[in-house]
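Here is the structure we will look at, set down as structure tokens.
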Amino acid sequence: MSAPNKLHEAGPIQSKNDRAAWFQGSPAECSDATRPSGLPWRLVLLGAPGVGKGTQAYLLNQRLNACHLSTGDLFRAASKLSECDGSPAMQAAMDHMRRGELVPDSTVWEMVRERSACIRCAGGFVLDGFPRTLGQAEALRQLMKNEKIPLSAVVNYELPLAEIVARLSGRRTCEKCKAVYHIVSQPPKFEGVCDRCDGRLFQRDDDRPESVKVRMEAYERSTAPLIEFYKAENALLPVAATGTPDEICARTISALVARAGAVATV
Ligand code: AP5
């Protein structure tokens, strides 16, 4: 049994959104979406695998209400069709994954396009793992331009490689609600059991050392160029991913608020 960590001391954590529309696709509707009192936040999270995007997306959802939209979660759920729709794009993605291939941009985009209601949602969004290539970023930019939906910011989390590897090697994920833990820095109250839903915690296959190397290379090749793309769009917000998850979240929100103020006065 592990000691409770700070994230859990405040009491049971309730997700602000069941993400039904994201996992099941149109026409599913989220049952418990909370609308923000002010303008919605529409964020993209960038950063290397394991930097903590999913962890921050969860905390940002708690604090800003914007829904956590993760393509990685979607792919993992796709292997259990009961949790996901069986649309042609989803089926195509699964076929690629079964063959051990990367899912091509056209298929990923089709999956996101089928869920464009989540991008239009009045509650806002925190995109995690998408876009991942310049092609995906261009497709998202076009959709948001056509729909006249402004992007609030692209948060780029920065952390030294050694710390990233340590975070990945200790990660555990809930098979039911996808909550993320770390065996040292964010342990669950009871070993192997999710605090939020009592689901079983497992180690992702792609967190094994040989997979981590491949993912880091893919990140450098395909995703790191997005930093320049969003810099040119004047949307990039670099944030240090050091410290506890709560500290990083507070740092992110301060940077977002400062940026929003600066943009409003331009
Ligand atoms: P995805 O799930 O998106 O993987 P990723 O981008 O590699 O990111 P991770 O989920 O590994 O890490 P994270 O940054 O979210 O970190 P986390 O918060 O979990 O995608 C998986 C795969 O699907 C991809 O490799 C790709 O093949 C495919 N895919 C997905 N999207 C795609 C797309 N758009 N196009 C094509 N293919 C796509 O944290 C990591 C660990 O650190 C956890 O244990 C956590 O508890 C711990 N931790 C977090 N914060 C802290 C902290 N401050 N201090 C200490 N520990 C911390």
Side-chain angles (χ1 to χ4, degrees), residues 2 5-8 22 44-61 68-79 89 92-94 96-97 100-113 115 126-137 139-140 155-160 162-174 178-188 194-195 201-208 211-224 226 239-252:
S2 312
N5 67 69
K6 277 202 173 145
L7 262 181
H8 304 119
W22 183 248
V44 168
L45 305 190
L46 283 186
V51 75
K53 300 180 296 296
T55 302
Q56 289 307 314
Y58 175 77
L59 292 174
L60 290 168
N61 167 252
H68 176 194
L69 307 179
S70 157
T71 40
D73 282 351
L74 203 51
F75 284 137
R76 283 182 287 279
S79 56
M94 285 172 64
H96 284 289
M97 287 190 294
E101 298 165 358
L102 287 178
V103 182
D105 279 357
S106 54
T107 307
V108 176
W109 175 243
E110 191 55 26
M111 283 168 46
V112 174
R113 207 189 51 77
R115 291 162 172 74
V126 182
L127 273 171
D128 161 20
F130 181 89
R132 213 179 189 88
T133 64
L134 285 171
Q136 293 177 14
L140 178 67
V155 179
N156 184 37
Y157 287 114
E158 300 172 335
L159 193 69
E163 282 190 58
I164 290 178
V165 172
R167 286 184 185 181
L168 281 176
S169 60
R171 171 163 57 189
R172 297 293 181 269
T173 306
C174 174
K178 331 291 182 233
V180 175
Y181 298 84
H182 189 278
I183 51 174
V184 177
S185 62
Q186 284 179 270
C194 179
D195 293 355
L201 304 185
F202 71 101
Q203 181 172 32
R204 280 170 43 175
D205 284 341
D206 60 354
D207 282 348
R208 303 191 191 283
S211 306
V212 168
K213 188 166 175 286
V214 174
R215 287 166 66 201
M216 288 296 176
E217 285 165 2
Y219 167 77
E220 286 301 332
R221 191 173 55 246
S222 305
T223 311
L226 294 188
V239 173
T242 46
T244 66
D246 280 335
E247 285 166 354
I248 299 163
C249 185
R251 192 178 298 141
T252 305

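Whatever order the structure lists them in is the order used to number ligands and atoms, beginning at 1. Numbers here are sequence positions counted from 1.
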(request) Could you check which of Gln186, Lys178, His96, Lys53 puts a non-hydrogen atom nearest to atom 46 (O) of ligand 1? (result)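 Answer by nearest heavy atom: Gln186.
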(message) Within the structure, is a non-hydrogen atom of Ser70 found at a distance of less than 4.0 Å from ligand 1?
(response)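 The answer is no, since Ser70 has no heavy atom less than 4.0 Å from ligand 1.
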(message) If we only consider heavy atoms of Ala57, is any one of them less than 4.0 Å away from an atom in ligand 1?
(response)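 Outside the 4.0 Å threshold, so no.
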(message) Which heavy atom of Ile248 sits nearest to which heavy atom of Thr242, and what is that distance?
(response)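 In this case the closest contact between Ile248 and Thr242 is CG1-O, 3.2 Å.
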(message) Give me the atom names and distance for the closest heavy-atom approach of Leu46 to Lys53.
(response)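 Shortest heavy-atom separation between Leu46 and Lys53 comes out as C-CD, 3.8 Å.
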(request) Output yes when Asp205 and Arg76 qualify as a salt bridge under the 4.0 Å nitrogen-oxygen rule, no when they do not. (result)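 No, Asp205 and Arg76 are not salt-bridged.
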(message) Taking the basic N atoms (NZ, or NE/NH1/NH2) and the acidic carboxylate oxygens, is any pair closer than 4.0 Å for Glu217 and Lys213?
(response)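 Result for this pair is yes, salt bridge flagged.
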Atoms in ligand 1 with a heavy atom of [X] nearer than 4.0 Å:
X	result
Gln136	33 (C), 34 (N), 35 (N), 36 (C)
Ser185	55 (C), 56 (N), 57 (C)
Ile248	53 (N)
Phe75	23 (O), 28 (C), 29 (N), 30 (C), 31 (N), 32 (C), 37 (N), 38 (C)
Phe130	34 (N)
Arg215	4 (O), 5 (P), 7 (O), 9 (P), 11 (O), 25 (O)

Below 3.5 Å, N or O to N or O, backbone or side chain included: is there any such pair between [X] and ligand 1?
X	result
Gly129	yes
Asp128	no
Arg132	yes
Asp207	no

(request) Go through the structure and list residues passing side chain to side chain contact (heavy atoms under 4.5 Å, CB included) with Thr173, not counting sequence neighbours. (result)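 Arg171, Phe202, Arg204.
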(request) Distance to 0.1 Å, residue and atom name: give those for the protein heavy atom nearest to atom 54 (N) of ligand 1. (result)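 In this structure, atom 54 (N) of ligand 1 has Arg167 NH2, 3.4 Å as its nearest protein heavy atom.
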